[in-house]
Structure formats: structure tokens, C-alpha cells
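This report refers to the structure that appears directly beneath it.
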Protein chains: 2
Amino acid sequence: MQTLSKNAPMPVVRRLPKYHRNLKELLEEGITKISSKDLSERMGLTASQIRQDLNYFGGFGQQGYGYNIEELIKVIEDILSINNKYNCIIIGAGNLGKAISNYILNLYGNAKVLAIFDIDADKTNKIFNDINIYNMSELKDYLKSNEIDIAILAVPKSSGIEVAKDVINNGIKSIWNFSTADIAVGNDVVIENVAINESFYTLTYLISENEK
Amino acid sequence: MQTLSKNAPMPVVRRLPKYHRNLKELLEEGITKISSKDLSERMGLTASQIRQDLNYFGGFGQQGYGYNIEELIKVIEDILSINNKYNCIIIGAGNLGKAISNYILNLYGNAKVLAIFDIDADKTNKIFNDINIYNMSELKDYLKSNEIDIAILAVPKSSGIEVAKDVINNGIKSIWNFSTADIAVGNDVVIENVAINESFYTLTYLISENEK
DNA sequence: ATAATATTGTTAAATATAAAACAAACTCGA
DNA sequence: TCGAGTTTGTTTTATATTTAACAATATTAT
């Protein structure tokens, strides 16, 4: 099963999780195959786009038949590396950090939060969801003695840049950033931003447009 | 100050909050004017893009001079309707709901969370951040007797669609959706999704690409 | 006041993304 | 087994977005 990316554009990659979720739902409904046309109607896309998206990674369908859902799910999981194991730490033990911790616990069996860090002494040296909350001063040592794949930045205000530098300097190669900070990273580090504040302003824009 | 949108494309709109944040920072640094070139270098964009983005809404700069930062901030706030007042409710009193409540408290003086709702009896009839947490059964009556602008969906699993229908049926015209649900809305309702799970899978994709 | 410099707004070109079109290949019922 | 109907993978066309180019206009120093 060849799934080597022909350097798929990011808009395509960002649609894959949506395909994955819909295909999982279909499988739960007991459906085993689907055509790009039927899937497109379910998802509100064009059939052409679905076929073209998938073909960036390979030809997984069959003429006259469609796509085998179970197989396609596996292919997408492979492309997205969903089933790899990911050891994560969360920086920030506020509600956001805790919420993310829950999110990961509920959604991704393969991802695990091993530790949470915070500067606030009131929050540290406690346990949340069986996870130890350490003080930031322990971060460096922790990263030295543990293999961590992903650092999750859940610091509310813009201490994000500082913290990002910190974890990168201690060997972290991927960051899931929930802070408002614009974090510039080198070529060997990947970053994915969840820009909650920007999302809110987009909503207020849409509201004002809608009211016109 | 004419800021009537010539139907700006969404990619442009989604960059505006980033401009806004950077301009605010510049102002705090005591800088009062900036050229598209300097701003582009700071933000990692092209100067051309900045000029063209802004020109969807009007000509706010001056040849040979650049942009007056304070004025430009006001213009962007006007376009995004940042300074309007927004009455919000949050559905879901878990950590995510609480985190969003904090986020709003800290970031947007103009947006206010008036109530939180949950199905879980253990979480209801309590107060968080001075906000009452009600049972879902009270939602309908609440929406009838209160003017709510935005319903924020912080329900973890996919009860999202049901809840969305609920609030829309009770007059809500805008939704900020943190649930995994794909919510289809009519033309008179606006929705903005924060797809945290999709973001995670995008990150795992980037990690695997980075390791190649 | 003038000229050299800076910088915009806007038009044109390039690139990226999405949709449509269609030949090739498979399916499935008779 | 055959033929009509499906549906893919892929090519072509259309649209959207970004970048480059540049004339027009303001600024600033002299």
C-alpha cells in the first residue's frame, strides 16, 4: 500500500481528518463501500475534489465500485500517522491545559499526556487525571530524561514565545500551540497553531457581515 | 472612514486579527507608523499581500509615509466588529467550557459569558467565574428571556449537532463550535469552527513528513 | 521650492486550488 | 458471457489567491 505523499498541498491534508471522521461514522452505520459522489453529498464537497484529494496519495478506489471504507480509513490513518504513539507534555495547568488533557484522553488512544507544567506554585505538585503537575523549573531536567514527542503550549497570555524557545532548546521537535504567540521555528521543528482568539474575531466579522 | 467590504475573501479576513495583534504590539513599543515592507518583515508575509489585503476594505495608508498604526488598528477593529458587545452562553461545563470562559474573560472585554449549561447534574447549579451553571433543561427558557448573541459549543463528543439544532431553534444566530460535529446551518446563521481534533491530526501529519 | 527617496494603491502576471470533463476500467444483472 | 451502467484516475479548464511590477503621490532633506 503505497502512500508516499506527492507533496500534497496543506488544504488537502487539512481535509483528511474530516474524511477520516466521516468514513468512521459510515463504518459504524454498517456501510462498507462508498462512491466519491455519495461521500461528497454527505460532506458537502464535490466528488471531484474527493477523488483528487485522495489521488495525491494514491489510487485507493475501483472503477464501477467506489472506495472500500475500511481500507480507506486505514490509508488515511497511515497518511496522517494517526496510529503512531505520541508522548506529550502540556505547558500550562489552567483550564485550557486541563481541557486539552481531557481532549487527548478521550479522542486519541495513541497520544498520551505524561506531564503538565506550570509556573504557578498553587497549581504545581498536584495530580490531574493521574498526571503530575510539575513546576516549570523542572522542565529542562524532565525533557532530558524523558522522550517527549509533542509539547503542547496552553499558556494563556503571550509567554508563548519564551516557553517555545525553552522546549525547542531542550530538544522538542513539534509544538501544538494554543497560545496567542506567533512562534517562529526552524526547519527541523514543526508547529501547529490553534488560534482561538483569531477564530473569535473571524466569528465577529461573520456576524457583522450576516447582519448587513 | 469607509470600511465597506468589497466582499473580501476569507483568507484575507483570517489574516486581519494577526495584523491587529501585531499593530497593537507595535503601538505598545511606542511606534506610531509603519510601512507595509516593515510590517511584512515583522510578520513573515509579503508587503504586497498586506497592501492588497487592506485595500479590500479601503486605502488607509499614504504614499511615502506608510500606515498610521493607531488609525489602522481602529479600522481593523471596525472591520472585524471587535468592539461590539457580545453576550455569550457556553454549552458544556467541562474543562473546555471553563477554559473558553477564562479565555473570553481575559482577552475580550467586549464579550461576556452570561451563563453556562450542562446535562450533568453534578456540574449544574454551581457558579464558575461568577457565572451560573444551569441544567440543559433550562436552556430554552433562558434563551427566550435573554438576548444572546453567541452560543459556544464546548460539548466534547458529538452531541454537537443536537445542541446546535437546539440553540438555533431557540433563535441563536451565531455559533462558535468547539465540538467535533460538522454542523450544517442555514443562510441566516453563522458558524465558526475550532476543530481541535483535526488540528492534532494535521500536526501528526507534519511530524511524519518532518521525519522523512 | 526642488529633487531624491519612499511607499502607496492598483494593475498585471504567476501560482495554487477547485471543478468539470471524459476515457478507461470495473461491476453487476440478465 | 455480455452489455449497460457506474465510478474511478487523470487531464483540462476555471477560479481563487498570491506575488510582482509600476505609475502616482507623498515625504523629507537641502
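Naming: A, B, ... by sequence-line order, numbering from 1 per chain.
- Nearest to the side-chain atoms of A/Ser35 among the listed nucleotides D/dT8, C/dT17, D/dT28 stands D/dT8.
- Contact annotation: A/Tyr67 side-chain N/O to D/dG9 OP1/OP2 distance is under 4.0 Å.
- For A/Gln62 and D/dG9, the CD to C1' distance is 13 Å, given to the nearest whole Å.
- Both A/Asp53 and B/Lys37 lie near DNA chain C, and the one whose nearest nucleotide falls closer to the 5' end is B/Lys37.
- Atoms CG (B/Leu39) and C1' (C/dT7) sit 14 Å apart, rounded to a whole Å.
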Practice problem: Apply side-chain hydrogen bond (donor to acceptor under 3.5 Å, both in side chains) to B/Asp53 and B/Tyr19, showing your working. | Solution: CA-CA 10 Å; B/Asp53 280 357; B/Tyr19 293 143; 2.5 Å; yes
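- For A/Lys173 and B/Glu211, the salt-bridge test fails: no basic side-chain N is under 4.0 Å from an acidic carboxylate O.
- In this structure a side-chain-to-backbone donor-acceptor pair under 3.5 Å is missing from B/Asn129 to B/Ile131.
- Considering B/Ser40, B/Ser36, B/Ser35 as possible partners of B/Arg51, the one that fulfils the side chain to side chain donor-acceptor pair (under 3.5 Å) test is B/Ser36.
- Across the protein-nucleic acid pair, A/Leu16 atom CG and C/dT17 atom C1' stand 15 Å apart, rounded to whole Å.
- Distance from the side chain of B/Tyr65 is smallest for D/dT27 among the nucleotides C/dC28, C/dA18, D/dT27.
- The separation between A/Asn7 atom CG and C/dT15 atom C1' is 15 Å, rounded to whole Å.
- A/Ile31 pairs with exactly one of A/Leu23, A/Asp38, A/Ile69 by the side-chain contact (heavy atoms from CB on, under 4.5 Å) rule, that one being A/Ile69.
- Atoms CG (A/Asn55) and P (C/dA25) sit 15 Å apart, rounded to a whole Å.
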Give me the distances for all protein-to-nucleotides 19-24 of chain C N/O pairs that come in under 3.5 Å?
residue : atom : partner : partner atom : Å
C/dA19  : OP2  : A/Thr46 : OG1          : 3.2
C/dA19  : N6   : A/Gln52 : OE1          : 3.0
C/dA19  : N6   : A/Gln52 : NE2          : 2.6
C/dA20  : N7   : A/Ser48 : OG           : 2.8
C/dA20  : N6   : A/Ser48 : OG           : 3.2
C/dA21  : N6   : A/Arg51 : NH2          : 3.2

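- OP1 or OP2 of C/dT8 has at least one side-chain nitrogen or oxygen of B/Ser36 nearer than 4.0 Å.
- Between the CD1 atom of A/Ile50 and the P atom of D/dT10 there is a distance of 17 Å, given to the nearest Å.
- Taking atom CG on B/Leu54 and atom P on D/dT17, their separation rounds to 17 Å, with Å as the unit.
- Classification of the A/Tyr142-A/Phe117 ring pair by plane angle, with boundaries at 30° and 60°, yields perpendicular.
- To the nearest angstrom, C1' of C/dT17 lies 14 Å from CE of A/Met10.
- For B/Tyr65, the ring-ring contact (aromatic ring centres under 6.0 Å, His included) test picks out no residue, with sequence neighbours left out.
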